[in-house]
Structure formats: C-alpha cells, structure tokens
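Single-structure report; data block below.
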Amino acid sequence: MPATDKTSRTGLSFTEQEALQFHQEGRPGKLEISPTKPMATQRDLSLAYSPGVAVPVLAISEDPSRAFDYTTRGNMVAVITNGSAILGLGNLGALAAKPVMEGKAVLFKRFADIDSIDLEVDTQDVDAFINSVRYLGPSFGGINLEDIKAPDCFIIEQQLREMMDIPVFHDDQHGTAIIAAAGLINALHLTGREMKDTKVVCNGAGAAGIACIELVKAMGIPHDNVILCDTKGAIYKGRTEGMNQWKSAHAVETDARSLYDAVKGADVFLGVSVKGALTPDMLRVMAPNPIIFAMANPDPEITPEEAAEVRDDAIVATGRSDYPNQVNNVLGFPYIFRGALDVQATTINDEMKVACAHALAELAREEVPDEVAAAYRGNRPKFGPEYIIPVPFDPRLISAIPPAVAQAAMDSGVARRPIVDMDRYREELSARRDPVAGTLQRIFSKVRQMPKKVVFAEGEEEPVIRAAASFVAQGLGEAILIGREDEIKQMAQSAGVDINRPGITVQNARLSNRNKDYAQFLYGRLQRKGYLQRDCQRLVNNDRNYFGAIMVARGDADAMVTGLTRNYSVALDTVRTCLDVKPGHRVIGVSLCLARGRTVLIADTAVIDMPNSEELADIAEEAAHVARKLGYEPRVAMLAYSTFGHPRGERSERVQEAVKILDRRRVDFEYDGEMAADIALNMDKMGVYPFCRLTGPANVLVMPAFHSASISTKMLQELGGSTVIGPLLVGLDKPVQIVPMGAKDSDIVNMAAIAAFNVT
C-alpha cells in the first residue's frame, strides 16, 4: 500500500500503513473484555456463575432497578451504527464502520471511564434497524447512535427514544450542536449580544445542522431569527424543492434565496457543510463582530486566516485542533453519558444538553491549568476571542460536565436515582481519570512547551523510526536517528514512514564531522581505565549508544532514548561511561506502576543490586523527587518482608537504619518503614499501626533490593494487568532513558518524551 500521507482530525500526520499497523499490532482492534471480579478459584467461579449467579437473578426479577447494582448495565453504553455515513467517507456499510465504533468506545473509556461495546447492524432498512436495537435495552445503560445518514438518523433516534427507557443519543447530531452552543454562549458574551436579538444562519441541513439550530432555539434564539440553508439555498416558507419534514420545520418568512442573501447582516454563521462555503465576500456583509463556526472537516467553510484578511473583528471556531476554538465532540458525549448513567436517566433531553453547553462555556472562562496551556504550546490562554471552548484534555471536564448534566436530569424529572451529595460526586469523578493517560499527558504537555532535541540511538530499527516520526509529529521536538542513512531510508520506506519531514535528521557515526571530537572526549574519560585512543575511536564508530550518549554529553542534543536491541544493563553501562552523576544525586531506576486507578512509583528497579542503609535513604530521596516532578506529593514506604520489627532479620535492620538516616536528614516528605507491601498500600491494614507516619496509602515504594523491585514490577505487569512505565533512569547530569528490549514504538515515544521532560 502506498505511504499516502493523511491528516487526522487531531492535526497529526501519519501514513496509511502506520494507521493500519496501529490497529493491527498485538490483538487486532482497540478493545478487550476484562473481568472485574477474581476468577482464580472454584469458589470464585461458583459465585460468578452457577449456582451463585442465581441470587442476583432472583433479586433483579423482583426489582428490575437492582440490575444497576449487580451488573455492568449502569456503566455500559452501546455504540451502534449501520455504516451509512462513516465520518466523511460516506456509506461504506456496517463492517467498514467497526474501526470507528471501536474508537468511539475507547473514547468513552478514556475520558469518562464508561465501558462501551460497539455493535454494527448490517441493514440500511430503517424499520429493521430500529427493531434490532429496541430489544437491547436490558443490556445497556445507554445507546450512542453513530454514523447514520440523514434523514434516517432522525427517524431512528426519535422512535428509539420513544420505545426505550434508557438514553438514546445520536452524537453526530447533538454532539456538534452542544459544543457549538457552548462556544456561542461565550462568543455572544464577548460581543455583548443577547440571544433574543441574535440573527443566525446555518449552512448545512443534515443531522448536525438541524440539531444545531434546534438547540440554539431551545436556548433562546427566536425561530424567525434563524435561517437554515442547504445546497439549494435558503429554506423559506413555500419552498418545495429538496424539502423534507425536518427542513420544513425550520422554514421562515424571508426574502433570502441564496447563502449570500442569508448572511447579510447576520450575527452568527454555523457551518456544517463543505470547504469554502463561506466566502470572504459573504463575511464582509455580516454584522459587526461576526461569530463564525466553520465546522466542516477536515477543511472548514472558511479558515481563520482567510477570515482575518477581511474581518479582524471576527470570532472564529472550527473543527480543527490546529486552530483555536476547536468544536470537538469528545468534549460532550463521554461526560453527558457519564452524568446520565450516574442518575440512571431515562433519556437525554434538551435540559441536559443545554446544561452541558453552559457548563462547558463556564469552564472556558476559568483560569486554565498547565494541561490546557500545553495545548497552546505554552502560551497560557485566557478567556477571549481565541479561547471560547475548552480543550479535550482539560482535566476539569470530568468533574464539571457530568454534575451539570446529572443535575439537569434530576431537575427535569428523568433521573431514577438522584445524587444526594454533589460535592462527593465531583470528587469521585476526578478519581475516574485515566492515570496512565493523565500522567503521560502532563509530561507531553510540558515537553511541548519547550520542545527538545532527542537522540534515537538505534535509528535503523523500524520501531525506532516510527517512534521518531511520531515524536516529531506530536510537536515534542526534533529527532536524531543514529545509523546509516541508506539503511534508515530503506527501512522507513518499507515501513511506510515519512522521515523527510522537518525535525528528523540522520547521523552516521562514522561520517559525522563530530566523530573525532567524540572519540577524543571518550578517550579523555577512559585513558586511565586501560583504553587506548584507537579503542575509543572504535567504540564511537561502531556503537551508536556511545555516539548518542556523547552527543548528549557534549550538548549537541538534549536527551537520548535507547534499549530496543540490547539488555538494559549493557545500555546503562555504556551511558554511565559517557555521562556523569548529577551532583548531590544517585543513579537509580524508578518504575511507574499504574493499576486500578492508582499510581505508585517503585525504586530502585534498575541499578543498585543490594543497597545498604545509606543507599536506601538516597533511593528514597531520589524517588520522592521524581514523584514531585511528576506531580505527586510523595508518601514513601520503606518496604521489607517484616513490618515494624516483626519478624526480625538482618535485611529488615538495614531498612530500619535507612529510616533513621532519613530522620537525621530531616527530609520534607512523608516516609516510614520498615513495612510489608500490603500494609503500605492498604489504609485499613495500616490502621493496626496507629503510630505509622503515613497519612494515606504509600505512592512511593522503596524496595529492599534491586531483584525484589524488578521481580515485583514484572509480575504486576504480567499477572496483575498493571501498566508499568520504566524503569525511568534518574540521577545522571543529562537525561537518557532506556526502553525494554523489544519495546513498541509507542513505548519508545513515551520514554523519549520522559527523557525530554527530564525527571531528574
């Protein structure tokens, strides 16, 4: 397949082959099912299935609402399509829609911790589709309809809402409308307009366009102030050509016949149509301070640059992430369903949509956190013409939108299980954020503010080439691939990766004009350790890790990532030969373990085999420093096989002495020990020891030895289903990270970003 370059809705470049490999690698697709209860013993199986399962079956038969207590129904949404309008690709059928529906399910999980399953219904007969979905109600807490063509989608949604007692929501209609409405609220505020006086033109009379004008009318814009246009022009009373009942409902008395006629003197343009539909001449005749929502994807009806050339007073929003004010559905549907599910709503009504729009608008007016600033490349946005809509990775969305939706559901009488303590609910929502994505996003965000030049030492390897291209495409900095240029280009071409993009360079160690200087630098470090000049020259010529590490040491690059093709300890020895220890620090490995919503740092997982008491204290300080750098307030547990003196043993005594050393150093973080791992991580068990100085479960675990640290993290990863990032190498005066052998390209990108972030 040709390496055709595509531009995604996130504005990132990739090739077709890269996209296919992403969906194919490992287990094909993007979803799997994982049990939430133990299935290890016969008793577990008896409880999960027969005979234990009979008990909740009988309870639900007596009271159907108990299904929300004993099954997944209360946190399960079905994403359903027939593939009749897939993205911008058209009617390609149900099976072709499956990758999109899986992606939608992933977004539900990522942003709102909602379990979701995709269902592709292989019929384009409206009645057959409705009948296949209507009977699925007992399985799910909500139905998200997706990629269904108009006008079928109107009929399907309306009838299913009438037939089912759970929320049925067609995101292609309402998602765009809700986010646009949020931006409109703020744009009207900035321009001093009132809803009742605002004149709106909407170009595009499909699902999204009609949903947009229905919602803005529900929010207070008069029916006669809205002109809907389609490919044949304005929709006016008496028009017969190209009409249907949904268009007719929005016909108005107007002399306008063309889009140009309609926008004369209009305050707002809502575009859900095609590239170039709004011309500069049309924009010129709009009212002062025009508000433009050019939401066609991937190319808007008019770009912000084109608009600025003719109207410097315009506020412009698009569907693109590379422009300010992105109208992105992911700001809405996960959180709307989260709120609806949590009150067991019977539907998603206009009151809930309006509440979501107002909550989004209010969030955009608040001071923004670092994650939001990073989306603007470090220029912290403030509420104004270029920031009227929050960005998708705003961490406050999960605690701002669902409560507003839930409250609206309760106020409008569609909630079956009202929330009593809304403050506690907000806290619970904040805890639902994906810690893996959240932690990495914070790191990526910081790096984007100050992009770095990172060496990818094993530059001839396909995963490394992919990682380097992704690193650059994500705006994290420049990538230097070490290797033979012809080999790298051939591998890149074979893999379908474009390495000719700006920001990627290739360095051949043998041919580099820095070769002699690097060899001399290495000789200066090794000449009293038995190495000759020619030995050092050979190492620089033949070992890319030496060349890359010296490049970082000499300041020709900011950081390095390696490890794909060689053992961690071998790569570490090479790196330590070329780089010094940071003054006042100790070189250790810290692994970041993320499991069941918890994040724990484990040290030392890479360097010191059997640390003594002094070294254990140093490891604790180093790990606590890393925790703070990653945004966590450290609570350090010094682990052992014993807990506070029982049972006694020499190895535990080393840990006890390390605690005393920390006492003498008067460190500024919580710590205690020695203690077993279950005590450190479980507050109930910790309660047996009221004198313990930790105020909560430990989030930094200092292991008594390298082998126990390494074994435990690998077991957590393979048996416990945890995500383990690292070991992160810390303590050197220049940042280098070493990935595990055989790492995926995504793992290499993550470690490259961590290297650029510099956790030391």
Side-chain angles (χ1 to χ4, degrees), residues 34 113 395 430-443 588-608 611 616-641 643 655 658-659 662 667 669-687 689 692-731 737 740 747 750-751 754 757 759-760:
S34 178
D113 193 25
S430 295
R432 282 183 177 270
R433 289 192 72 215
D434 180 357
V436 178
T439 298
L440 291 175
Q441 180 62 26
R442 285 196 296 271
I443 291 171
I588 66 168
V590 179
S591 291
L592 196 62
C593 179
L594 307 111
R596 296 187 178 276
R598 297 175 65 174
T599 302
V600 177
L601 281 73
I602 302 175
D604 166 22
T605 52
V607 181
I608 305 172
L616 283 170
D618 291 346
I619 291 169
E621 287 201 68
E622 203 71 46
H625 175 79
V626 172
R628 280 196 172 133
K629 191 76 182 287
L630 292 174
Y632 304 99
E633 188 56 35
R635 291 187 299 273
V636 179
M638 310 294 289
L639 295 191
Y641 62 83
T643 300
V655 181
V659 173
L662 291 172
V667 295
F669 54 85
E670 289 184 26
Y671 62 94
D672 211 343
E674 89 289 14
M675 65 179 74
D678 58 336
I679 305 298
L681 296 170
N682 189 315
M683 280 302 290
D684 291 335
K685 293 184 177 181
M686 196 184 295
Y689 307 94
C692 181
R693 293 180 285 192
L694 299 183
T695 61
N699 56 13
V700 178
L701 305 179
V702 175
M703 294 290 187
F706 168 22
H707 62 267
S708 58
S710 179
I711 290 169
S712 62
T713 52
K714 287 178 170 59
M715 287 183 66
L716 281 169
Q717 193 166 16
E718 295 302 323
L719 298 179
S722 302
T723 297
V724 177
I725 301 174
L728 313 182
L729 185 61
V730 300
Q737 294 301 333
D747 298 326
N750 291 342
M751 291 298 271
I754 290 168
F757 177 71
V759 293
T760 298

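When reading the values below, keep in mind they use all heavy atoms of this one structure, side chains included, and skip hydrogens, waters and symmetry mates.
- Annotation for Glu633 and Arg628: closest pair OE2-NH2, 2.8 Å, computed over non-hydrogen atoms.
- With sequence neighbours excluded, the residues that form a salt bridge (Lys or Arg N to Asp or Glu O under 4.0 Å) with Asp672 are Arg693.
- For Thr605 (side chain) and Ser710 (main-chain N/O), no donor-acceptor pair under 3.5 Å exists by modelled atom type.
- Listed here is the closest heavy atom pair of Tyr632 and Leu601: CD1-CD1, 4.5 Å.
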Apply side chain to side chain contact (heavy atoms under 4.5 Å, CB included) to the pair Phe669 and Arg635, showing each step before the final yes or no.
-> CA-CA 7 Å; Phe669 54 85; Arg635 291 187 299 273; over 6 Å; no

Evaluate the side chain to side chain contact (heavy atoms under 4.5 Å, CB included) criterion for residues Val730 and Ile588: first the C-alpha distance (whole Å), next the side-chain angles of each, then the deciding distance (0.1 Å), finally the verdict.
-> CA-CA 6 Å; Val730 300; Ile588 66 168; 3.4 Å; yes

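- Residues satisfying the salt bridge (Lys or Arg N to Asp or Glu O under 4.0 Å) criterion with Lys714, sequence neighbours excluded, are absent altogether.
- In this structure, the side chain to side chain contact (heavy atoms under 4.5 Å, CB included) partners of Ala676, at least two apart in sequence or on a different chain, are Thr643, Asp678, Ile679.
- Residues passing the side-chain hydrogen bond (donor to acceptor under 3.5 Å, both in side chains) test with Asp684: none are found, sequence neighbours excluded.
- Remark: Glu622 engages no residue in a salt bridge (Lys or Arg N to Asp or Glu O under 4.0 Å) (not counting sequence neighbours).
- Residues Asp604 and Gly589 approach most closely at OD1-N, 2.7 Å, considering heavy atoms.
- With sequence neighbours excluded, no residue forms a side-chain hydrogen bond (donor to acceptor under 3.5 Å, both in side chains) with Thr713.
- Pairing each heavy atom of Ala620 with each of Val702, the nearest pair is CA-CG2, 3.7 Å.
- By the side-chain hydrogen bond (donor to acceptor under 3.5 Å, both in side chains) test, Asp618 is found to be paired with Arg586, Arg665, residues two or more places apart in sequence or in another chain being considered.
- When the side chain to side chain contact (heavy atoms under 4.5 Å, CB included) test is applied to Val655, the partners found at least two apart in sequence or on another chain are Leu616, Met638, Ala640, Glu674, Pro704.
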What do the steps show when you test Ile754 against Leu728 for side chain to side chain contact (heavy atoms under 4.5 Å, CB included), and what is the final call?
-> CA-CA 8 Å; Ile754 290 168; Leu728 313 182; 3.8 Å; yes

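- Atom-to-atom distance recorded for Ile602:CD1 and Ser591:OG is 6.5 Å, nearest 0.5 angstrom.
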Glu621 and Val636: CA distance, side-chain angles, deciding distance, side chain to side chain contact (heavy atoms under 4.5 Å, CB included) verdict = CA-CA 9 Å; Glu621 287 201 68; Val636 179; over 6 Å; no

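- Here the side chains of Pro727 and Gln737 are not in contact, with every heavy-atom distance at 4.5 Å or above.
- For the pair Phe706 and Ile608, the tightest heavy-atom approach, listed with the atom from each and the gap, is CB-O, 2.9 Å.
- Every residue two or more places apart in sequence or in another chain that forms a side chain to side chain contact (heavy atoms under 4.5 Å, CB included) with Leu681 is listed here: Arg598, Val600, Leu701.
- Closest approach of Gly696 to Met686, counting heavy atoms only: O-CE, 4.0 Å.
- Pairs engaging residues 694-709 under the side-chain hydrogen bond (donor to acceptor under 3.5 Å, both in side chains) rule: Glu670-Thr695 [sequence neighbours left out].
- Counting only heavy atoms from C-beta outward, the side chains of Ile619 and Met703 never approach each other to under 4.5 Å.
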